[in-house]
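We name chains A, B, ... by the order of the sequence lines, and we start the count at 1 in each one.
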Protein chains: 2
Amino acid sequence: MTQDQPQDDAPYYRIEQVAARTGLTKRTLRYYEEIGLLPPPARTEGNYRLYSEADITRLERILALKEALGLTLSEINAFIQMEEERDDIRALYHETSDPAARLAQIERAAAIARQQLDLVERKLRTLTNTRDALQERLRRYDALREELAGQKIVGD
Amino acid sequence: MTQDQPQDDAPYYRIEQVAARTGLTKRTLRYYEEIGLLPPPARTEGNYRLYSEADITRLERILALKEALGLTLSEINAFIQMEEERDDIRALYHETSDPAARLAQIERAAAIARQQLDLVERKLRTLTNTRDALQERLRRYDALREELAGQKIVGD
DNA sequence: GCCAACGTTTACGTCAACGTCAAGGTATGG
DNA sequence: CCATACCTTGACGTTGACGTAAACGTTGGC
């Protein structure tokens, strides 16, 4: 009856809705949870999964990494793990009084970030090259088209 | 310009050498050929595969697409197919006298290139965002490090 | 002429990333 | 109270991208 879904405060979605919204299947959502890529979402009294906006945000991040970087699920897992390690370190940082320990934590996080940045920049370079080549090609097509338009008039 | 087959400087490589050069396995090379991703290379009298520099170039192109774009093999196949279609169209173009037909061919090729460009640019955007986020993170780490250095002195 | 190293095809094995039932529990309109 | 539509957890099937082993041919050195 008084379920948890007031209209202005209903930040939870059932699996089918999340599937529809992300374009994934329900199976895929359960699978991602199964392999630890998605944290287990909340559950209803009847054991239904309830995804929050945060869950969906994370999902969309996963999909972006999958699409754009072409990473495997375990690579994505590692990638996100590192991102969260930053948060952990941030939390730890404020609970750590020893400056040397703090420094070590920062160094660890920074090393991870640099590693990820390297990976991303490598892919960016190849992608940029491909884009430039395609743009150059399109320019040539445009030139050819103009040339043709001229020919057409002349040949007419 | 006519170096089709120099005598001792053979521009042909056996499968093991190609594997070593590209970091792939022999199985993978045969597999790529099997699914039509690599054109069947030349053969020796004894039926050994002989890869040309062009074959290796194409292979490296495939690997770049795999690494940077994260495409599946069939997607790579389609991608390259389009690129070759452009060449075909280019050849056809010069054998076609009818300006209207030429224009149609150019339009077809341009449409393909635009489609590819869209794909590449979508991935580029996500990648650029990821890179910017990582750089921002690294800057924050640097700031934290400086802050720590200050604390260290103060606390000393 | 032989043999070890490298090649060939054929075929089954594997692992990731899901798809697809099957058997049952849960919410809801009539 | 029941139908039905959505959910749950297994459990087995499928596909892409190879690995691996078997059975056999080729090449090069001694």
Side-chain angles (χ1 to χ4, degrees), chain A residues 1-6 10 12-52 55-56 58-59 61-81, chain B residues 8 10 12-52 55-56 59 61-81:
Chain A
M1 188 184 284
T2 315
Q3 287 266 9
D4 47 2
Q5 48 106 4
Y12 287 98
Y13 306 91
R14 293 201 312 209
I15 194 166
E16 178 64 57
Q17 298 166 333
V18 177
R21 184 158 157 191
T22 60
L24 299 176
T25 67
K26 291 176 287 183
R27 175 67 172 101
T28 299
L29 291 173
R30 296 197 193 99
Y31 177 67
Y32 284 2
E33 179 184 342
E34 185 184 334
I35 63 172
L37 190 54
L38 274 179
R43 296 286 183 130
T44 69
E45 187 70 16
N47 206 30
Y48 284 22
R49 286 179 180 78
L50 282 184
Y51 294 89
S52 69
D55 289 332
I56 295 180
R58 177 174 177 134
L59 235 182
R61 173 103 186 98
I62 289 172
L63 292 184
L65 287 176
K66 193 168 151 61
E67 297 290 312
L69 296 191
L71 299 181
T72 69
L73 296 187
S74 70
E75 285 170 335
I76 292 174
N77 218 334
F79 205 96
I80 291 185
Q81 200 80 13
Chain B
D8 40 8
Y12 288 98
Y13 306 91
R14 292 199 313 208
I15 195 167
E16 177 64 57
Q17 298 166 332
V18 176
R21 198 146 256 148
T22 59
L24 299 175
T25 67
K26 291 176 287 184
R27 174 66 172 101
T28 300
L29 291 172
R30 296 198 192 96
Y31 177 66
Y32 284 3
E33 180 183 342
E34 186 184 334
I35 64 172
L37 191 52
L38 273 178
R43 296 286 184 130
T44 69
E45 188 69 16
N47 206 32
Y48 283 22
R49 285 178 180 78
L50 283 182
Y51 293 89
S52 69
D55 289 331
I56 295 181
L59 236 181
R61 173 105 187 95
I62 289 172
L63 293 184
L65 288 175
K66 192 168 151 65
E67 299 289 312
L69 296 193
L71 300 180
T72 70
L73 296 187
S74 71
E75 286 170 335
I76 292 174
N77 219 334
F79 205 96
I80 292 184
Q81 200 79 15

Rounded to the nearest Å, what distance is computed from the [atom1] atom of residue [X] to the [atom2] atom of nucleotide [N]?
{"X": "B:Ile15", "N": "C:dT8", "atom1": "CD1", "atom2": "C1'", "answer": "9 Å"}
{"X": "A:Leu38", "N": "C:dC18", "atom1": "CG", "atom2": "C1'", "answer": "14 Å"}
{"X": "A:Arg43", "N": "D:dC6", "atom1": "CZ", "atom2": "C1'", "answer": "14 Å"}
{"X": "B:Tyr13", "N": "C:dC6", "atom1": "OH", "atom2": "C1'", "answer": "19 Å"}

So do [Y] and [X] actually touch side chain to side chain, heavy atoms under 4.5 Å?
{"X": "B:Leu50", "Y": "B:Ile15", "value": "no"}
{"X": "B:Tyr48", "Y": "B:Arg43", "value": "no"}
{"X": "B:Arg61", "Y": "B:Phe79", "value": "yes"}
{"X": "B:Thr44", "Y": "B:Arg49", "value": "no"}
{"X": "B:Thr25", "Y": "B:Tyr31", "value": "no"}

Looking at DNA chain D, which of residues 64-73 of chain B put a heavy atom within less than 4.0 Å of it?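 Within this stretch, B:Lys66, B:Thr72, B:Leu73 sit under 4.0 Å of the strand.
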
Can you pull out the residues from residues 21-34 of chain B that lie within a 4.0 Å heavy-atom distance of DNA chain D?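 Of all residues in residues 21-34 of chain B, the ones placing a heavy atom under 4.0 Å from DNA chain D are B:Thr25, B:Arg27, B:Thr28, B:Tyr31, B:Tyr32.
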
Which residues pass the side chain to side chain contact (heavy atoms under 4.5 Å, CB included) test with B:Gln81, not counting sequence neighbours?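 Applying side chain to side chain contact (heavy atoms under 4.5 Å, CB included) to B:Gln81 gives B:Asn77.
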
Backbone of B:Val18 reached by a side-chain donor or acceptor of B:Thr22 within 3.5 Å: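 Judged by distance alone, yes, a pair lies under 3.5 Å.
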
Take B:Tyr51 and B:Leu29, measure what side-chain contact (heavy atoms from CB on, under 4.5 Å) needs, and give me the verdict at the end. CA-CA 10 Å; B:Tyr51 293 89; B:Leu29 291 172; 3.9 Å; yes

At a cut-off of 3.5 Å, list every protein nitrogen or oxygen paired with a nitrogen or oxygen from nucleotides 24-30 of chain D, distance to 0.1 Å.
residue: D:dG25; atom: N2; partner: B:Tyr48; partner atom: OH; Å: 2.4
residue: D:dT26; atom: O2; partner: B:Tyr48; partner atom: OH; Å: 3.2
residue: D:dT27; atom: OP1; partner: B:Gly46; partner atom: N; Å: 3.3

State whether A:Tyr13 and A:Arg21 meet the cation-pi test: NZ (Lys) or CZ (Arg) under 6.0 Å from the six-membered ring centroid, and within 45° of the perpendicular axis.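 The answer is yes; both the distance and angle limits are met.
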
Partners of A:Lys26 by salt bridge (Lys or Arg N to Asp or Glu O under 4.0 Å), sequence neighbours excluded?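 Scan of A:Lys26 (salt bridge (Lys or Arg N to Asp or Glu O under 4.0 Å), adjacent residues dropped) gives A:Glu16.
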
List for me each residue that meets salt bridge (Lys or Arg N to Asp or Glu O under 4.0 Å) alongside A:Glu34, sequence neighbours excluded, and say none if there are none.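 For A:Glu34 the salt bridge (Lys or Arg N to Asp or Glu O under 4.0 Å) partners, ignoring immediate neighbours, are A:Arg27.
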
How is A:Ile35 classified with respect to the nucleic acid when contacts are heavy atoms under 4.0 Å: base, sugar-phosphate, or nothing?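 Nothing, no heavy atom under 4.0 Å.
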
